[in-house]
Amino acid sequence: MLDIQLLRKDLANVAQRLASRGVTLDTARIEALEAERKNIQTRTQDLQARRNQLSKQIGMAKGKGEDASALMNEVSGLSDALKAGEDRLAGIQEDLAGVLMNIPNLPHESVPVGKDEHDNQEVRRVGIPREFAYPPLDHVDIGENLELLDLPTATKIASSRFALMRGSLARLHRALAQFMLDTHTQEHGYEEVYVPYLVNAESMRGTGQLPKFEEDLFKLSNGMYLIPTAEVPVTNIVRDEIIPAENLPIKLVAHTPCFRSEAGSYGRDTRGMIRQHQFDKVEMVQFVRPEDSYAALEELTGHAEAILQKLDLPYRVMALCSGDIGFSAAKTYDLEVWLPAQNTYREISSCSNFEAFQARRMQARYRDSKGRPELIHTINGSGLAVGRTLVAILENYQNPDGSVTIPQVLRPYMGGLTQLAKE
RNA sequence: GGAGACGUGGCCGAGUGGUCGAAGGCACACCCCUGCUAAGGGUGCAUCCGGGCAAAACCUGGAUCCAGGGUUCGAAUCCCUGCGUCUCCGCCA
């Protein structure tokens, strides 16, 4: 959520900056709502002040045993106008809140201006894709040939876009999550947290999934939602909190399943494990002072990269352009891992600075040096998406005989196993 | 799931219809006093949103005593619903 003060003072500038995201702000509507709000609010508050004043006088009169009926009549005369004003004000403020909740974050000045993903800028490329003497198989063929991946059975049990893994592949999946958590907690200074996988609507509003993106979520019959990312429960830890300044920065990491309905993605990535309704992810979240947030974004992105480097997977870092960054983000780096079968880089992590956008929705604050509550900045990023990392390992570490070499750093988590082979 | 109790400021805790945004205490900050040790005195100390104002300070109005409705001239206080906590019982990994 943007600062309402900013919209009041500098609406044209806000509209201009949003235009770089391809968003058109209805400035006329906002100005009209604001003008009406100001008018009604001032009038209503005057009436409230009058009522409070008179009611106090009634109390005083009654306390002295005097007759207060004249005063009471006067207040009664106010009540219709007061009720009307309060209702009208509540209505306008609801409208304004609705508008505000649907306005995306402003892109940071360092974000390249562009229309869609084609305008994203490559920041750096790390690792060299391996040369294959034969056409590399994709992860589905590799997994199915080893009889460790069974997508048809997952479809029978649930539906398409779910996976069933067996044996050493299931273990490798688990090993990856363990390895990522251990790296972030032991080398990068994060505290591991275990969080609910179901959250309420308030939490979804806090991080920006609601009200705009309800169709992407799985909603339960009791009104709760399955989390689409650990970002939601982890970030909402600080909702409605005032954090002592000395506790910042706070760095948390969680491994959770993620559930996405992927509405509107039908026909995209229908093959394999790239786009699933359920996948595991290790997520890093940082709560920082505003002045530290861009340095923290670079740091956190580096933490995600460290996983790819330890796994020796080739990747590149993309700075998303203004038209491609997510609703809540001010700046985003995507990490894209090399997938030989697709002969391309595919997103495996997304690291963003939300500045105060989420904090304002959540009322997550800290006390600044003057002791005043100030909104924190929130940063998060995948470190990494476990399913896609598994896909990348299968494809990059495949051997001509159909086996898959297990990366060195994962072997301790695999009981010393060096390769996936038919069992 | 059943029965009962409860939900007040950073914390504890008073307040059961009226000069209550809320006594008192603790914690915290500053000042004074004291040449000795967790001594005494004073002051300040919730959040959000308006207006004065373009901003800081300041002044001023409104809202908030779990949340949402209701009764009333007036609600922390009464009523309803929801949520949460605690105790006992049941069930359960």
Side-chain angles (χ1 to χ4, degrees), chain A residues 1-14 30-101 194 196-206 210 220-225 233 236-248 356-376:
Chain A
M1 188 163 75
L2 298 180
D3 187 354
I4 183 75
Q5 309 286 356
L6 189 64
L7 270 80
R8 283 181 190 142
K9 276 175 213 148
D10 208 359
L11 188 59
N13 184 38
V14 170
I30 293 172
E31 275 169 349
L33 274 173
E34 250 304 291
E36 197 182 2
R37 185 227 99 226
K38 190 163 171 175
N39 178 22
I40 304 283
Q41 181 161 5
T42 317
R43 278 201 340 233
T44 304
Q45 290 191 350
D46 284 348
L47 284 171
Q48 286 172 326
R50 184 74 187 138
R51 177 204 59 200
N52 291 346
Q53 196 183 4
L54 287 170
S55 290
K56 206 162 252 187
Q57 284 174 20
I58 292 169
M60 286 162 70
K62 289 206 167 178
K64 292 180 201 150
E66 294 168 4
D67 175 39
S69 54
L71 288 168
M72 285 171 69
N73 279 336
E74 191 179 347
V75 192
S76 297
L78 294 177
S79 68
D80 282 351
L82 194 55
K83 182 96 171 69
E86 283 174 345
D87 289 349
R88 184 107 175 272
L89 183 61
I92 293 164
Q93 284 179 326
E94 206 172 299
D95 289 349
L96 267 172
V99 170
L100 209 55
M101 287 294 272
Y194 173 85
Y197 302 158
L198 269 52
V199 300
N200 55 37
E202 198 48 50
S203 292
M204 286 295 189
R205 272 192 290 275
L210 289 179
L220 278 65
S221 57
N222 69 357
M224 296 185 86
Y225 297 85
N236 274 280
I237 288 171
V238 297
R239 172 153 56 86
D240 294 322
E241 297 290 336
I242 299 177
I243 303 163
E246 64 268 23
N247 290 5
L248 297 178
F357 189 87
Q358 294 180 325
R360 190 170 292 110
R361 290 173 166 237
M362 292 191 298
Q363 283 302 299
R365 292 165 294 174
Y366 78 106
R367 286 202 187 273
D368 66 15
S369 52
K370 292 178 208 134
R372 309 182 59 141
E374 172 123 18
L375 295 170
I376 58 166

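By convention in this document, chain letters (A, B, ...) are assigned in the order of the sequence lines, proteins followed by strands, and residues within each chain are numbered from 1. Please read all numbers here as calculations on a predicted model, not as lab measurements.
If you take CD of A:Q5 and C1' of B:C48, they are 11 Å apart, rounded to a whole angstrom. When the P atom of B:U19 is taken as reference, atom CG of A:L71 falls 15 Å away, rounded to whole Å. Rounded to an integer number of Å, the gap from CE of A:M1 to C1' of B:C48 is 11 Å. In this structure, A:E202 atom CD and B:G84 atom C1' are separated by 15 Å, rounded to whole Å. In this entry the distance linking CG of A:D240 with C1' of B:U64 reads 13 Å, nearest Å. Across the protein-nucleic acid pair, A:M224 atom CE and B:C83 atom C1' stand 12 Å apart, rounded to whole Å. Atom CD in A:E246 sits about 12 Å away from atom C1' in B:C28, given to the nearest Å. The distance between atom CG of A:L96 and atom C1' of B:C49, rounded to the nearest whole Å, is 12 Å.
With a 4.5 Å cut-off on side-chain heavy atoms, A:L11 and A:I30 count as touching. A heavy-atom distance below 4.5 Å is not found between the side chains of A:V99 and A:L7.
A side-chain contact (heavy atoms from CB on, under 4.5 Å) with A:E74 is found for exactly one of A:R50, A:Q57, A:R51, namely A:R50. For the side-chain contact (heavy atoms from CB on, under 4.5 Å) test with A:L89, the passing option among A:E36, A:Q41, A:R43 is A:Q41; the others fail.
Counting atom types as modelled, A:Q45 pairs no side-chain N or O with a base atom of B:G62 as donor and acceptor under 3.5 Å.
Judged purely by distance below 3.5 Å, without hydrogens or angles, the side chains of A:N200 and A:S203 pair a donor atom with an acceptor atom.
When atom types are taken as modelled, the side chain of A:R37 and the backbone of A:I92 share no donor-acceptor pair closer than 3.5 angstrom. A donor-acceptor pair under 3.5 Å links the side-chain atoms of A:R361 to the main chain of A:R205, judged by distance alone.
Under the Watson-Crick or G-U wobble criterion, with both distances below 3.5 Å, B:U71 is left unpaired in every strand shown. Across every strand in view, B:G84 sits in a pair with B:C6 that passes the Watson-Crick or G-U test at under 3.5 angstrom. Pair check for B:C91 finds none; no Watson-Crick or G-U wobble contact set falls under 3.5 Å. Under the Watson-Crick or G-U wobble criterion, with both distances below 3.5 Å, B:U77 has no partner in any strand shown. Using N1 to N3 plus N6-O4 or O6-N4 for Watson-Crick, or N1-O2 and O6-N3 for G-U wobble, each under 3.5 Å, B:U16 pairs with nothing. Pairing for B:A57 is absent, with no Watson-Crick or G-U wobble pair whose two atom distances lie under 3.5 Å. Base pairing of B:U47: its partner is B:A63, meeting the Watson-Crick or G-U wobble criterion (both donor-acceptor distances under 3.5 Å). As the counterpart of B:A23, no nucleotide is assigned, since no Watson-Crick or G-U wobble pattern has both distances under 3.5 Å.
The heavy-atom pair separating A:I376 from A:V238 by the smallest distance is CD1-CG2, 4.0 Å. When all heavy atoms of A:Y366 and A:L375 are compared, the closest pair comes out as CE2-O, 3.9 Å. Nearest heavy-atom pair, A:I237 versus A:E241, reported as atom, atom and distance to 0.1 Å: O-CG, 3.9 Å. Pairing each heavy atom of A:A68 with each of A:A61, the nearest pair is CB-CB, 4.2 Å.
Salt bridge annotation for A:E86-A:K83: absent, with no cationic side-chain nitrogen under 4.0 angstrom from a carboxylate oxygen.
Out of B:C48, B:U19, B:G62, the shortest distance to the side chain of A:K56 is found at B:U19.
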Show me the protein contacts with nucleotides 71-81 of chain B, counting only N or O atoms at under 3.5 Å.
unit_1, atom_1, unit_2, atom_2, d
B:G74, O4', A:S55, OG, 3.3

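Heavy atoms of A:E34 sit nowhere under 4.0 angstrom from any nucleic acid atom. When heavy atoms are screened at a 4.0 angstrom cut-off, A:R50 is found touching no nucleic acid atom at all.
Atom P of B:C80 sits at a distance of 15 Å from the matching atom of B:A3, rounded to the whole Å. The separation of B:U19 from B:G74, taken at their P atoms, amounts to 14 Å, rounded to a whole angstrom. On the C1' atoms, B:A22 is 10 Å away from B:A14, given to the nearest whole Å. Rounded to a whole angstrom, the distance from the C1' atom of B:G15 to that of B:G2 is 33 Å. Separating the C1' atom of B:A75 from that of B:G70 is a span of 11 Å, rounded to the nearest Å. Taking the C1' atom of each, B:G41 and B:U60 are spaced 33 Å apart, rounded to whole Å. Distance check on atom C1': B:U34 versus B:C58 gives 36 Å, rounded to whole Å. One P atom belongs to B:G9, the other to B:U64, and the distance between them is 15 Å to the nearest Å.
A heavy atom closer than 4.0 Å to some atom of RNA chain B occurs in no member of residues 86-94 of chain A.
Along RNA chain B, the nucleotide closest to A:R365 and the one closest to A:Q48 are compared, and the more 5′ of them pairs with A:R365. Map A:K83 and A:I242 each onto its nearest nucleotide of RNA chain B; the residue landing nearer the 5' end is A:I242.
Residue A:N52 places at least one side-chain N or O closer than 4.0 Å to OP1 or OP2 of B:A63.
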